[in-house]
Chemist: 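Can you read through this structure? Questions will come right after.
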Amino acid sequence: MGKNNSGIRRIQPILWISTLYFAMGVPFVTINAVSGIMYKDMGVSDSQITFWTALILFSWTLKPLWSPFLEIYKTKKFFVVSTQFAIGILFALVALSLPMHDFFKYSIALFAVIAFCGATHDVVADGTYIGFLTNKEQAKYIGWQGAFYNLAKIISSGALVYFAGFLEKTKGVTHAWMIIMVIYALLFFVLAIYHYFILPKENKEEQKDEKTAGNVRKELLEVITSFFTKKKILWCILFIILYRFAEGFAIKIAPLFFKAPRISGGLGLSTSDIGLIYGTYGSAAFILGSVLAGYFISARGLKKSLIWLCCAFNIPFVVYALLAHYQPSDLLPVGIAVVVEYFGYGFGFVGLMLYMMQQIAPGKHKTAHYAFATGIMNLGVMIPGMFSGMISDWIGYKMFFIWVLIATIPAFLATLFVPFPYPENQKEQQINS
C-alpha cells in the first residue's frame with residue numbers, strides 16, 4: 001500500500017477496481033440476458049420478453065443526461081454504496097414478486113428501476129476510476145477492469161443460470177428463480193458493505209468549488225452542443241448504431257431459441273445447458289477474441305482493420321441460422337457455434353469501442369463525449385431488440401436468423417464509408433486544441 005499526498009495510507013486499487021467493475025457488469029447482464037431465460041422458463045412469450053427487457057435498457061442510453069448532476073450532491077463513494085444497496089433491495093423485491101399472478105408486470109417494473117440504478121452506478125464507478133487513478137495507473141488496470149466486467153457475465157449468465165437449472169429439478173421453476181434473485185440481492189448487499197470500507201474517499205480540498213444545478217445545466221448544454229457539432233458526427237453516429245444492428249436482433253432471441261421446444265423450432269436445451277454453454281464457454285471465447293483483436297489493431301491500425309473487425313463481428317451470426325435449420329440434438333455443435341459467435345463478437349466489438357475513443361470522443365469533453373457515444377451505441381441494440389420477439393413469433397426461428405444475416409448489410413455499408421475525422425496518429429494535445 002502507498003500513501004496519498006495527505007499521508008493517509010492508500011488501499012491498492014486492484015482491491016476495489018475488481019469488485020467495482022464486477023458490480024457494474026451484473027445488472028446489465030442480468031436484465032439483458034438472464035431475465036429472458038427466467039421469463040422463458042415461466043411461460044412469458046418471446047415478444048413480451050424481448051420488447052420489455054430491451055426497452056428498460058434505455059437507462060444506459062440516457063445516463064449521460066443525469067451524470068453531471070451527480071457531481072453536485074454527496075460523493076462518488078456515497079452513490080456507489082447507495083446504488084448497490086438499492087439494487088440489492090430491488091432484487092429481493094423481484095424474488096417476492098415472482099409467485100404473484102401478475103409477476104411479469106411487477107418484476108419488469110422492478111428491473112426497470114434496477115436498470116436506472118445500474119446506469120447511475122456505471123457513471124460513478126467510471127468517475128471513481130478516472131478520478132482516483134493517475135494516467136499510468138489507468139493504463140495499468142484497464143485490462144483488469146474489462147476482465148472483471150466479463151467475470152460478471154460468466155458468473156451471472158453462466159454459473160447462476162446453470163444453478164437455476166439445477167434448482168428447477170427439485171424446487172420448481174418459480175422457487176428456483178426466487179432463490180437466484182435472492183442470491184443477487186445478497187451479493188449486492190455484500191458488495192455495498194465492502195465498498196463502504198474499501199473505496200477511496202474524495203479529497204476535501206477538491207470539493208471547495210461547489211457546483212450548482214444551474215451551472216451543471218449550462219455545462220451539460222455545452223457538452224451536448226459541442227458533441228453534435230463535431231466533424232462528420234452524423235455519419236459517425238450512423239456507423240455506431242448500424243454496426244450492432246444485427247446483434248440487437250440476434251442477442252435477444254438466441255437464448256430463447258435455445259430454450260424453446262424442438263417442436264416450435266427451438267433446440268430444447270435445459271436451463272443448465274444454456275448456462276454452461278452460453279455463459280461460460282461463450283464468455284471465455286469473448287475475452288480471447290477481445291485480447292487478440294487488440295494485437296491485430298495495434299499491428300495494422302484501426303482504419304485498415306475496421307472492415308475485418310466488422311466481418312468478424314457480423315458473419316458469425318450464420319451459426320444461428322445453421323442451428324435453426326438443422327436443429328442438432330447433440331450439445332457439441334451448439335457449443336462450438338456459440339464459441340465461434342462469441343469469439344467473433346469479442347474480436348469485432350473492440351473495433352467499435354476504439355472508434356468511439358479515437359474518432360468521436362477526442363476534444364475538450366472527451367469523457368462526457370465518450371459517454372454520449374456509448375449511450376447512442378446502445379440504441380443500435382435496444383431498438384431491434386425490442387421488436388425481435390415479434391418478428392421471430394411472426395416468421396419462426398429458421399427465417400428469423402436468415403433475417404439477422406440480412407440485417408448485417410447496413411453494418412458493412414456503414415463500415416466501408418465510415419469517416420475518420422482525426423488522423424490515427426494525431427496527438428491528444430493537437431486534438432484538444
Chemist: Looking only at the side chains, is there a donor atom on one of S47 and S45 sitting less than 3.5 Å from an acceptor on the other?
Modeler: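 A donor-acceptor contact under 3.5 Å links the two side chains.
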Chemist: Less than 4.5 Å apart, side chain to side chain, heavy atoms only: is that true for T128 and F79?
Modeler: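 No. Closest side-chain heavy atoms not under 4.5 Å.
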Chemist: Mind checking the CE-CG spacing from M38 to L98? Nearest 0.5 Å is all I need.
Modeler: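 Between M38 CE and L98 CG, I get 5.0 Å after rounding to 0.5 Å.
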Chemist: Could you walk me through whether L20 and Y129 pass side chain to side chain contact (heavy atoms under 4.5 Å, CB included), step by step?
Modeler: CA-CA 9 Å; L20 193 61; Y129 185 86; 5.7 Å; no
Chemist: Within the structure provided, determine whether L160 and V34 are in side-chain contact (heavy-atom separation under 4.5 Å).
Modeler: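 No. Closest side-chain heavy atoms not under 4.5 Å.
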Chemist: For F400, which residues count as a ring-ring contact (aromatic ring centres under 6.0 Å, His included) partner, sequence neighbours excluded?
Modeler: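 Per chain and number, F400 pairs via ring-ring contact (aromatic ring centres under 6.0 Å, His included) with no residue.
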Chemist: Restricting to non-hydrogen atoms, name the atom on M42 and the atom on V173 that form the minimum distance, rounded to 0.1 Å.
Modeler: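 Smallest heavy-atom distance, with atoms named: CG-CG1, 3.7 Å.
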Chemist: Side chains of residues 237-254: which donor-acceptor partners sit under 3.5 Å, not counting sequence neighbours?
Modeler:
unit_1 : atom_1 : unit_2 : atom_2 : d
Y243   : OH     : L309   : O      : 3.4
Y243   : OH     : C310   : N      : 3.4
Y243   : OH     : G348   : O      : 2.8
R244   : NE     : E247   : OE1    : 2.6
R244   : NH2    : E247   : OE1    : 3.3
R244   : NH2    : E247   : OE2    : 2.9
R244   : NH2    : Y345   : OH     : 3.3
E247   : OE2    : Y345   : OH     : 2.6
K252   : NZ     : N32    : O      : 3.2
K252   : NZ     : N32    : OD1    : 3.3
K252   : NZ     : T53    : OG1    : 2.8

Chemist: Would you call Y149 and M24 a side-chain contact if the rule is heavy atoms closer than 4.5 Å?
Modeler: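 They are in side-chain contact.
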Chemist: According to the interplanar angle, ranging from 0 to 90°, do the rings of F349 and F286 count as parallel (below 30°), tilted (30 to 60°) or perpendicular (above 60°)?
Modeler: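 If you compare the ring of F349 with that of F286, the planes turn out tilted.
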Chemist: Where do I224 and F372 land on the side chain to side chain contact (heavy atoms under 4.5 Å, CB included) test, with the steps shown first?
Modeler: CA-CA 8 Å; I224 295 172; F372 268 99; 3.4 Å; yes
Chemist: What is the minimum heavy-atom distance between A54 and G385, and which atoms define it?
Modeler: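 Smallest heavy-atom distance, with atoms named: CB-C, 3.7 Å.
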Chemist: Please report the interatomic distance CD1(I114) to CD1(I108), rounded to the nearest 0.5 Å.
Modeler: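 Taking CD1 in I114 and CD1 in I108, the distance rounds to 10.0 Å.
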Chemist: What orientation do Y320 and F317 show, parallel under 30°, tilted 30 to 60°, or perpendicular over 60°?
Modeler: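 Answer is parallel, since the angle falls under 30°.
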Chemist: Once salt bridge (charged side-chain N to carboxylate O under 4.0 Å, His left out) is applied, do any residues pair with D41, and if so which ones, sequence neighbours excluded?
Modeler: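 For D41 the salt bridge (charged side-chain N to carboxylate O under 4.0 Å, His left out) partners, ignoring immediate neighbours, are K259.
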Chemist: Side chain to side chain contact (heavy atoms under 4.5 Å, CB included) for K230 and Y422? Distances and angles first, verdict last.
Modeler: CA-CA 11 Å; K230 283 176 174 281; Y422 302 104; 4.0 Å; yes
Chemist: Once rounded to the nearest 0.5 Å, what's the spacing between atom OG of S157 and atom CD1 of I277?
Modeler: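 Interatomic distance, S157 OG to I277 CD1, rounded to 0.5 Å: 12.5 Å.
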Chemist: Among residues two or more places apart or on two chains, list those pairs meeting salt bridge (Lys or Arg N to Asp or Glu O under 4.0 Å) that have a residue in residues 176-191.
Modeler: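 Those involving residues 176-191 do not exist here.
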Chemist: Would M386 and M382 satisfy side chain to side chain contact (heavy atoms under 4.5 Å, CB included), going step by step from the backbone distance to the final call?
Modeler: CA-CA 6 Å; M386 288 171 62; M382 189 194 81; 4.1 Å; yes
Chemist: Just wondering, do I315 and T408 contact through their side chains at under 4.5 Å, heavy atoms?
Modeler: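 When only atoms from C-beta onward are counted, I315 and T408 do not touch, as no gap falls below 4.5 Å.
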Chemist: Measuring only between side-chain heavy atoms, which start at C-beta, is F148 closer than 4.5 Å to T19?
Modeler: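 In short, these two side chains do not touch, never coming nearer than 4.5 Å.
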Chemist: Do Y196 and V80 come close enough that some side-chain heavy atom pair is under 4.5 Å?
Modeler: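 A side-chain contact is absent here, since even the closest heavy-atom pair is not under 4.5 Å.
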Chemist: Would you check if L57 and F28 make a side-chain contact, meaning some heavy-atom pair closer than 4.5 Å?
Modeler: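 Side chain of L57 against side chain of F28, heavy atoms only: contact under 4.5 Å found.
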Chemist: May I have all residue pairs that pass side chain to side chain donor-acceptor pair (under 3.5 Å) and include part of residues 93-121, sequence neighbours excluded?
Modeler: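 Non-adjacent pairs meeting side chain to side chain donor-acceptor pair (under 3.5 Å): Y39-S107, W66-T120, Q84-H121.
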Chemist: Within this structure, what is the NE2-OG1 distance for the pair H195 and T83, rounded to the nearest 0.5 Å?
Modeler: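 The NE2 atom of H195 sits 10.0 Å away from the OG1 atom of T83.
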Chemist: Rounded to the nearest 0.5 Å, what separation is found between the CG atom of L256 and the OH atom of Y397?
Modeler: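 So the CG of L256 and the OH of Y397 are separated by 6.0 Å.
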Chemist: Distance check, rounded to the nearest 0.5 Å: M181 atom CE versus L110 atom CG?
Modeler: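 If we round to the nearest 0.5 Å, M181:CE and L110:CG are 11.0 Å apart.
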Chemist: Tell me which pairs pass salt bridge (Lys or Arg N to Asp or Glu O under 4.0 Å) where either residue lies in residues 168-193, with sequence neighbours left out.
Modeler: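 Sorted pair list comes back empty.
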Chemist: Could you report the tightest heavy-atom contact between V26 and S156, atom names first, then the distance?
Modeler: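 Closest approach of V26 to S156: O-OG, 4.5 Å.
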Chemist: List the residues meeting salt bridge (charged side-chain N to carboxylate O under 4.0 Å, His left out) with K40, not counting sequence neighbours, and say none if there are none.
Modeler: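 In terms of salt bridge (charged side-chain N to carboxylate O under 4.0 Å, His left out), with neighbours along the sequence ignored, K40 is linked to D46.
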Chemist: Hey, are the side chains of F132 and L199 touching, using non-hydrogen atoms and a 4.5 Å cut-off?
Modeler: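 They are not in contact (no side-chain heavy atoms under 4.5 Å apart), so the answer is no.
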Chemist: Where do M178 and P99 come nearest, in terms of heavy atoms and distance?
Modeler: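 Between these two residues, the closest heavy atoms are SD-CG, 3.4 Å.
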Chemist: Which heavy-atom pair separates S35 from F111 by the least distance, and what is that distance?
Modeler: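 So the minimum-distance heavy-atom pair works out to CB-CE1, 4.0 Å.
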Chemist: According to the side chain to side chain donor-acceptor pair (under 3.5 Å) rule, which pairs have a member within residues 374-392, sequence neighbours left out?
Modeler: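 Found none.
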Chemist: According to ring-ring contact (aromatic ring centres under 6.0 Å, His included), does anything in residues 155-185 pair up with another residue at least two apart or in another chain? List the pairs.
Modeler: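 The answer is F91-Y184.
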Chemist: So with a 6.0 Å cut-off around OH of Y194, is the heavy-atom count from everything else above 12?
Modeler: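 Yes, enclosed.
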Chemist: Looking at every non-hydrogen atom in both residues, tell me the closest pair between P333 and L323 and how far apart they are.
Modeler: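 Scanning both residues, the minimum pair turns out to be O-CD2, 4.2 Å.
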Chemist: Not counting sequence neighbours, list each pair that qualifies as a salt bridge (Lys or Arg N to Asp or Glu O under 4.0 Å) and has a residue in residues 373-392.
Modeler: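 Non-adjacent pairs meeting salt bridge (Lys or Arg N to Asp or Glu O under 4.0 Å): zero.
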Chemist: For F347, check ring-ring contact (aromatic ring centres under 6.0 Å, His included) against everything at least two apart and list the hits.
Modeler: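 Applying ring-ring contact (aromatic ring centres under 6.0 Å, His included) to F347 gives F296.
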Chemist: Taking atom CH2 of W60 as the centre, does the number of heavy atoms from other residues, nucleotides or ligands within less than 6.0 Å exceed 12?
Modeler: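 More than 12 within 6.0 Å, yes.
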Chemist: Per the salt bridge (Lys or Arg N to Asp or Glu O under 4.0 Å) rule, what does the pair list look like for residues 285-295, sequence neighbours excluded?
Modeler: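 Sorted result for residues 285-295: empty, none.
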